[in-house]
Amino acid sequence: MRRDLNGLEVLDSAECMRLLASVSLGRIGLSSDALPVVLPVNYAVVGDQIVVRTRRGTKLAAATRNAIVAFEVDQVDPCSGAGWSVMVQGLAREVSDPEELAAAHAAPLARWIDPLDGRHVGISI
C-alpha cells in the first residue's frame, strides 16, 4: 500500500475509476470571469470522460471553452471520519460529436435542468 506525505493511502487508477463511477454528485473547479469557482454538479462517467450538463450563460458554461478544470468527488463517514476522495484534472469541452452526444444523452445523468435546453460538457479523465 502506497502512502503520501500525510500518511494517506494513495489509490490506484482502477480504484479511482471505480469510485468515480460509484457516485453521481461531484464538484467542478474552474475559472469564470478570471475568478476561481467550485460548483456542485450531477455527472456520469461515459467512456473515458466525465459528462455534466449545463445551460448557456451559466458559470459552468465557462467549462465548454476547452479549459483545464478540476473535478472532485468524495465520501466520508461522519462517525469514523474514514473516507475517500478522487480528483481529476482534465480538459473540458462541449460534447458535440454525434456519437459522444448520443452516449451522453443515454447516460444516467440526473437532470437539474431542462434536458432539451442544455448542453453537455465532457471532461477528459
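Fair warning: this is a prediction, and the values are worked out from it, not measured in the lab. Values below: all heavy atoms of this structure, side chains included; hydrogens, waters and symmetry mates excluded.
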* Asked: Got a sec: does the CG of Asp33 have more than 12 other heavy atoms crowding it under 6.0 Å?
  -> no
* Can you name the nearest heavy-atom pair linking Ala44 to Ala107, along with the distance? -> CB-CB, 3.9 Å
* Cluster question for you: counting only ILVMFWY and a side-chain heavy-atom cut-off of under 4.5 Å, with indirect links fine, are Leu39 and Ile50 together? -> yes
* Donor-acceptor contact below 3.5 Å, side chain Tyr43 vs main chain Val23 -> yes
* Nearest heavy atoms of Val45 and Gly47, plus distance in Å -> CG1-O, 3.9 Å
* To do: Kindly check if the number of other-residue, nucleotide or ligand heavy atoms within 6.0 Å of CD (Glu9) is above 12?
  => yes
* Asked: Do Leu91 and Ile123 touch side chain to side chain, with heavy atoms closer than 4.5 Å?
  -> no
* To do: Report yes or no: do Val95 and Val41 belong to one cluster of Ile/Leu/Val/Met/Phe/Trp/Tyr joined by side chain heavy-atom distances under 4.5 Å?
  => no
* Rounded to the nearest 0.5 Å, how far does CD1 of Ile68 lie from CD of Gln89? -> 8.5 Å
* Between Phe71 and Leu20, is any pair of side-chain heavy atoms under 4.5 Å apart? -> yes
* Flag yes if more than 12 heavy atoms outside Arg3 fall under 6.0 Å of its CZ atom; otherwise flag no. => yes
* Asked: Which heavy atom of Val51 sits nearest a heavy atom of Ala104, and at what distance?
  -> CG1-CB, 3.9 Å
* To do: Provide the closest heavy-atom pair for Met17 versus Ile125 in the form atom of the first, atom of the second, distance.
  => SD-CG2, 3.7 Å
* Taking all atoms of both residues into account, what is the closest heavy-atom pair of Gly122 and Gln49, and its distance? -> CA-OE1, 3.5 Å
* Quick one: SG on Cys16 to CE on Met87, what's the gap to the nearest 0.5 Å? -> 11.0 Å
* **Side chain to side chain, His120 and His105, heavy atoms closer than 4.5 Å** => yes
* Roughly how far apart are Leu11 CG and Leu19 CG, rounded to 0.5 Å? -> 6.5 Å
* For the student: nearest non-hydrogen atoms of Gly26 and Val73, plus distance -> CA-CG1, 3.7 Å
* Asn6 side chain to Leu8 backbone, donor-acceptor under 3.5 Å -> no
* Same apolar cluster (I L V M F W Y, side chains within < 4.5 Å links), Ile28/Val37 -> yes
* To do: State the CD-OG distance between Gln75 and Ser85, to the nearest 0.5 angstrom.
  => 11.0 Å
* To do: Please lay out, stage by stage, how Asp74 and Arg27 fare under the test salt bridge (Lys or Arg N to Asp or Glu O under 4.0 Å).
  => CA-CA 9 Å; Asp74 58 39; Arg27 293 165 208 81; 3.5 Å; yes
* Are Val88 and Val121 co-members of a hydrophobic cluster defined by side-chain heavy atoms under 4.5 Å apart? -> yes
